[in-house]
Amino acid sequence: MSTIQALRGTKDILPTDIGYWQHLEATAQQILGQAAFREIRTPMFEQTDLFARGIGEATDVVGKEMYTFSDRGDRSITLRPEGTAGAVRSFIENKLYGTGGIQRLWYSGPMFRYERPQAGRQRQFHQIGAEVFGSADPRADVEAIAVAVNLLSALGLKSLKLALNSVGDREDRQRYREKLVAYLTPYKDELDPDSKDRLTRNPLRILDTKVERTQEICVDAPSIVDALSPDSAERFERVQQGLAALGIDYTLDNRLVRGLDYYTHTAFEIQSDDLGAQATVCGGGRYDGLVSELGGPETSAVGWAMGMERLILLLQEIQPLSEPSVDFYVVSRGNQAEIQALSVAQILRQAGYSVEVDLSGSAFGKQFKRGDRAGAKACAILGDAEADNNTVQIKWLKSGEQTEISQSNLLETAKSFDGNKFKS
RNA sequence: GCGGGCGUAGCCAAGUGGUUAAGGCAGUGGAUUGUGGUUCCACCAUUCGCGGGUUCGAGUCCCGUCGUUCGCCCCA
């Protein structure tokens, strides 16, 4: 077989599904716009260094999941695996901090990670993300989370769970890391191989394990919340108060650790029970060190990203897409009539209707049948007789009522068609 | 990167070593040569993702490969 197929982990979004995407995008634009977030569009590829420095060399995303290649100028290029690094780069490069105050940005678009595809996970996938730059106030965390929650509920998604944690600042995390390693080291030989490996690389992630024995060991492990400095703890408290004040339910999960290095303080995930293993629909948190890390001024920031494919899987479960339908279906037969059919269609479109022209040239009966299938409210009919008289028959499919209209009056007449006739 | 399931027409599928590859939807043509939503009739896979092997014989068994799906890892 020599036909070319879409690459593994990529998917065409076909007309049958596009309605979900358009709905999702329109809703995001509306909800984020209402919250004073402005859209930003950054390139889909960047210097590899941006991601290596931003996301962290030791992370899986950077270590084994990036699409990295040399371009013709021998630059190391990477297809963006996530949106935050690019947004931060743009924030710095365009000196968006110079406009003073707080920048609220959002984006959506394709991201690329070389992973094994499974439900809700592809190699090219799409995210909607939001970032708030320039505020260290816990209210910024609350606002960011609230916008995410608003978007999900505007989409009609129910029974989602918000999990919340604080990973503290750099010092807190370092202190906790030492405590955790000290606790786990005696159990070293009982840990599963992955966790054993993480003991030196990324011990916090061990808490997230699914291996039963490792979980048992972790039950009595020190909690990160207990390792927070008084300031960090106070800050976390205020985030929780803010959420409570907005009536946003959450559960504390002190094993929640985000996989990208840049997170500090608040970390959160929004999960669904209906997605199998890829349950996280939105993930985010605070990343106060990232802007300066990438060469910008010391800038606090908080943000999140949602997986659009996962959202659409959920949308498909709650509401089937309505079949697209057309107002008029133009039926014609004979050379003159077939030509006139095109101009009749144009006139009806000018009058504001959606119109599909039958191009098959088959018998009237077949054309009507297709008109029906297309969900048309009415057929515009042109045969030899109509072509000779410059008229057109309009037949309302529901009632069967049919009237003849002169083509020269069609625009005026069409503008005043009875709205009732369009209700199905 | 690792492990399990699956791969028959545009779609949903039956078929588990014997040979004429069920059926349904959709499509095309006709009954109805200018009028639909119903009905009836006919047509619609030299071939079962691809390549190889076992066998007198393979869609059915084996190996490889590609794809897909579920899980691990990781993440949205």
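As the structure is a computational prediction, the values presented were derived from the model and not from experiment. Naming convention: chains lettered A, B, ... in sequence-line order (proteins, then strands); numbering from 1 in each chain.
Checking B/rG29, B/rC66, B/rA76 against the side-chain heavy atoms of A/Lys366 singles out B/rG29 as nearest. The side chain of A/Ser362 approaches B/rG29 more closely than any other nucleotide in the set B/rG34, B/rG29, B/rA76. Among the nucleotides B/rG3, B/rA76, B/rG34, the one closest to any side-chain atom of A/Ala385 is B/rG34. Comparing B/rA76, B/rG36, B/rG34 against the side chain of A/Glu386 picks out B/rG34 as the nearest.
OP1 or OP2 of B/rA26 has at least one side-chain nitrogen or oxygen of A/Arg373 nearer than 4.0 Å. In this structure, A/Arg370 does not reach the B/rU35 phosphate: none of its side-chain N or O atoms is under 4.0 Å from OP1 or OP2. When the side-chain nitrogen and oxygen atoms of A/Arg310 are compared with OP1 and OP2 of B/rA76, none of them lie within a distance under 4.0 Å. Dashed line: the shortest gap from a side-chain N or O of A/Arg121 to OP1 or OP2 of B/rC70 is not under 4.0 Å.
Between the side chain of A/Gln5 and the base of B/rG49, no donor-acceptor pair of N or O atoms lies under 3.5 Å. In the interface, the side chain of A/Gln402 is paired with the base of B/rU35 through a donor and an acceptor atom under 3.5 Å apart.
Between A/Thr78 and A/Glu46, the side chains place no donor N or O within less than 3.5 Å of an acceptor N or O (distance only, hydrogens not considered). A donor and an acceptor atom, one from each side chain of A/Thr264 and A/Asp169, are nowhere located under 3.5 Å apart. Side-chain contact of A/Gln174 with A/Glu178: a donor-acceptor pair under 3.5 Å is present, judged by distance alone. Neither side chain, A/Gln127 nor A/Glu82, offers a donor N or O lying under 3.5 Å from an acceptor on the other.
In this structure, the CD atom of A/Glu404 is 17 Å from the P atom of B/rG34, given to the nearest Å. The separation between A/Gln118 atom CD and B/rC6 atom P is 19 Å, rounded to whole Å. Atoms CG (A/Asp192) and C1' (B/rG3) sit 16 Å apart, rounded to a whole Å. Rounded to whole Å, the distance from CG on A/Asp208 to P on B/rC74 is 8 Å. Rounded to whole Å, the distance from CZ on A/Phe112 to C1' on B/rC74 is 19 Å. The distance between atom CG of A/Leu256 and atom P of B/rC75, rounded to the nearest whole Å, is 11 Å. What separates CZ of A/Arg123 from C1' of B/rG1 is a distance of 11 Å, to the nearest Å. Atom C1' of nucleotide B/rC75 and atom CD of A/Glu65 are separated by 7 Å, given to the nearest angstrom.
Taking the C1' atom of each, B/rG71 and B/rU16 are spaced 27 Å apart, rounded to whole Å. Taking the P atoms as reference points, B/rA14 lies 15 Å from B/rG24, given to the whole Å.
Separating the CG atom in A/Asp358 from the CZ atom in A/Arg370 is a distance of 5.0 Å, to the nearest 0.5 Å.
A/Tyr183 and A/Tyr176 have their aromatic ring centers separated by at least 6.0 angstrom.
You cannot call A/Phe364 stacked on the base of B/rU35; the centres under 5.5 Å and planes under 30° rule is not satisfied.
The stretch residues 6-16 of chain A touches RNA chain B through A/Arg8, A/Gly9, A/Lys11, each having a heavy atom within less than 4.0 Å of the strand.
The side-chain tip of A/Lys377 does not point at the ring of A/Tyr329 from less than 6.0 angstrom away and within 45° of straight on. With a 6.0 Å cutoff to the six-membered ring centre and a 45° limit on the axis angle, A/Arg113 does not count as a cation-pi contact of A/Phe125.
If you check every strand for non-hydrogen atoms under 4.0 Å, A/Gly383 touches a base. Using a 4.0 Å heavy-atom distance criterion, A/Lys369 is classed as a sugar-phosphate-only contact. Among the protein residues, A/Gly120 comes within range of the nucleic acid bases, having at least one heavy atom under 4.0 Å from a base atom.
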